[in-house]
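To start, the structure itself, in C-alpha cells.
Remember, it's a predicted structure, so these values are computed and weren't measured experimentally. Chain letters run A, B, ... following the sequence lines, proteins first and then strands; every chain starts at 1.
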Number of protein chains: 2
Amino acid sequence: MNQTAPSPAFRREEPDARRLSLIEACARVLARSGAAGASVRAIAQEAGASVGLVGHYFGGVDALVSATYDHVDRQVAQALDKAVATAGDDPRARLEAFVTASFAPPIADPALLATWIAFWSLVTARKDIARQHDEQYAGYRARLEGLLGDCGVATTARRRHAIAVTALVDGLWLELCLSPGCFTAQEARDIARDFLALITSSDR
Amino acid sequence: MNQTAPSPAFRREEPDARRLSLIEACARVLARSGAAGASVRAIAQEAGASVGLVGHYFGGVDALVSATYDHVDRQVAQALDKAVATAGDDPRARLEAFVTASFAPPIADPALLATWIAFWSLVTARKDIARQHDEQYAGYRARLEGLLGDCGVATTARRRHAIAVTALVDGLWLELCLSPGCFTAQEARDIARDFLALITSSDR
DNA sequence: TTGCTTGTTGAACAATCGTACAACAACGGG
DNA sequence: CCCGTTGTTGTACGATTGTTCAACAAGCAA
C-alpha cells in the first residue's frame, strides 16, 4: 500500500486539559469580540475543538462563561499575590506592590478588561454571575484591608479606605485599558501611590 | 350599523418623538437584559412599535445603540450641570456638587450602569463606539479640570487630579451600582468629599 | 490481536437574530 | 369628499444562535 501513517483525526485529551483549553479559548474570544461574540462555535473553533465538546464538559455555554470568570479571577489573584510576595517584608512596600500591580501586565491588558466587561454585562441578567462578582469583590477588599492594617491604618478606617482604594484602582484600570492613549501606566501608578501615602500617614 | 368608532390601528408620531421613544426603549432594554438582549424585536416591543421602525429611523440596530449612547451621555451631562448650577457660586461647593451628583439619582442607578456597561462591551468590537467613549471621557475630565482650577488647584496638578477624581468616582459608582449592598451612597459621597478636601488643600 | 470504554465529532433541530420590502392606513391638503 | 404622502406594519428571508445525539474512533486492558 502507498498509505502513509493514518494521522489520527483528533486527539484524546486529559479531561482537565481539555476543560482548560476551552476556558482559555473562551477568554480569548470574550476579549476579542465581547460577550456578544462568545458563541459556542466561535469558542470551539478558537480552541480547535468541536461544538459538541462545550456541551460535554460544561453542559452549556453559560456554564463555560461562568467557569471562565472563575479562572480569570483566579489568575488575577495569583498575579497580585506574586507581586506582594516579591515586594519583601516591608508592609508599605507590600501594599504598594498589591495596588500598582494592577497597572502592569498581565493585569493592565485591554484584553483582560474586555473579558471583565463581558462579565459585568452579565451581572444584570444572571444571578450566578452577580454572586460570583460579589464574592470576588469582597475577597479583593478583604485582602486590601489586611494590607492596610499591616501598615498601621486604624481598624475603624480600614473599611472606608479599602473601598476608596479599590474604587480608585478600578477606575484607573478601567480608563487605562479603555482609552490607552489618555494617560500612562506610570501616571496611574503615581496617582495610586500618592493616594496610599495620604491614607497611611494621616490615620495611623 | 352597530359598528363603533374605528379605533385606529396605530398612531402617526412626530419623527423626533418616535425616534426618542425608540431610544428610550433601547436604554431600558439595555439596562434590563444587557447588550446581548438588545434585539430589534425586544426594543420594538418595549417601545410599543413594530420591528420595521428601527430600520426606518436608524437604518439598523447598531446605529440605534450608538444614538442611545449619545442620548444617555447627554442626560448624565445635564444632570451634572444642574447639580453644579444648584450649588451656587462657591467654587468648592460647585466642585463637590459635580462629584457627589454621581452618587444620587438619576446617575446612581443600576439601570444606568447596565446601559453604560453595554456600551463599554462594544468599545472593543466597534470603532465608532470607541470614539464616542473617548470624546465623552475627555469632556468629563475637561469639565472637572475647570472646576478644580476654580478651586485654586495649580495648573500643573490639574490634569493629574482630574484623572484621579474621575477614576475614584467611576470606581465608586461602578461598585455602588453593581453590588448595591456593599456600601451606601452616603459612604461614597463621604469618600469622594474627603478626597477633594485633600486635593484642594495641599496644592493651592 | 480483540474488545471495551469514552472522548470526540458534526449533522440536525428549533429558536432567534437583523434586514428588506410590499402592503396598509393615518392624516392633511385639495 | 377624495386623494396623495408617508409613517407604520408584519411577513419573509437567510444567517446564526444553543443544544442534542447517534455515530465514530482513539487508546487502554486483556
Residues B/D90, B/R92: salt bridge by 4.0 Å N-O rule: no
Atom of B/I117, atom of B/L178 and distance for their closest heavy-atom approach: CD1-CD1, 4.0 Å
Between D/dT19 (P) and A/I43 (CD1): distance, integer Å: 10 Å
Interatomic distance, A/R19 CZ vs C/dT8 C1' [rounded to whole Å]: 15 Å
Whichever of A/L53 and B/G37 has its nearest DNA chain C nucleotide further upstream toward 5': A/L53
Contact under 4.0 Å: B/R12 side-chain N or O vs C/dA25 OP1/OP2: no
Touch class at under 4.0 angstrom, heavy-atom based, for A/A44 against every strand present: nothing
Atom-to-atom span, NE2 of B/H56 to P of D/dT9 - whole angstrom: 11 Å
Distance-only donor-acceptor test (3.5 Å): side chain A/R18, base C/dG7: no
D/dG7 base / B/R11 side chain donor-acceptor hit below 3.5 Å: no
Sugar-phosphate only, base, or nothing, as touched by B/V51 at under 4.0 Å among non-hydrogen atoms: base
Salt bridge (Lys or Arg N to Asp or Glu O under 4.0 Å) evaluation trace for A/R126 with A/D62: CA-CA 10 Å; A/R126 288 178 48 188; A/D62 285 359; 3.6 Å; yes
Rounded distance (Å) that lies between atom P of C/dT5 and atom CD of A/E13: 23 Å
Rounded distance (Å) that lies between atom P of D/dT9 and atom CD of B/Q45: 13 Å
Spacing of A/R126 atom CZ relative to D/dG18 atom P, expressed in whole Å: 12 Å
Value in whole Å for how far the P atom of C/dC13 lies from CZ of A/R41: 14 Å
Other residues, nucleotides, ligands: >12 heavy atoms within 6.0 Å of A/E135 CD: yes
Closest listed nucleotide, where the reference is the side chain of B/S39 and the choices are C/dG18, D/dT9, C/dT8: C/dG18
Selected nucleotide, minimal atom distance to B/Y57 side chain, candidates D/dT9, D/dG7, D/dT19: D/dG7
A/A42 or B/G48, whichever maps to the more 5' nucleotide of DNA chain D: B/G48
Sugar-phosphate only, base, or nothing, as touched by A/G52 at under 4.0 Å among non-hydrogen atoms: base
Cationic N near anionic O, under 4.0 Å, A/D190 to A/R193: yes
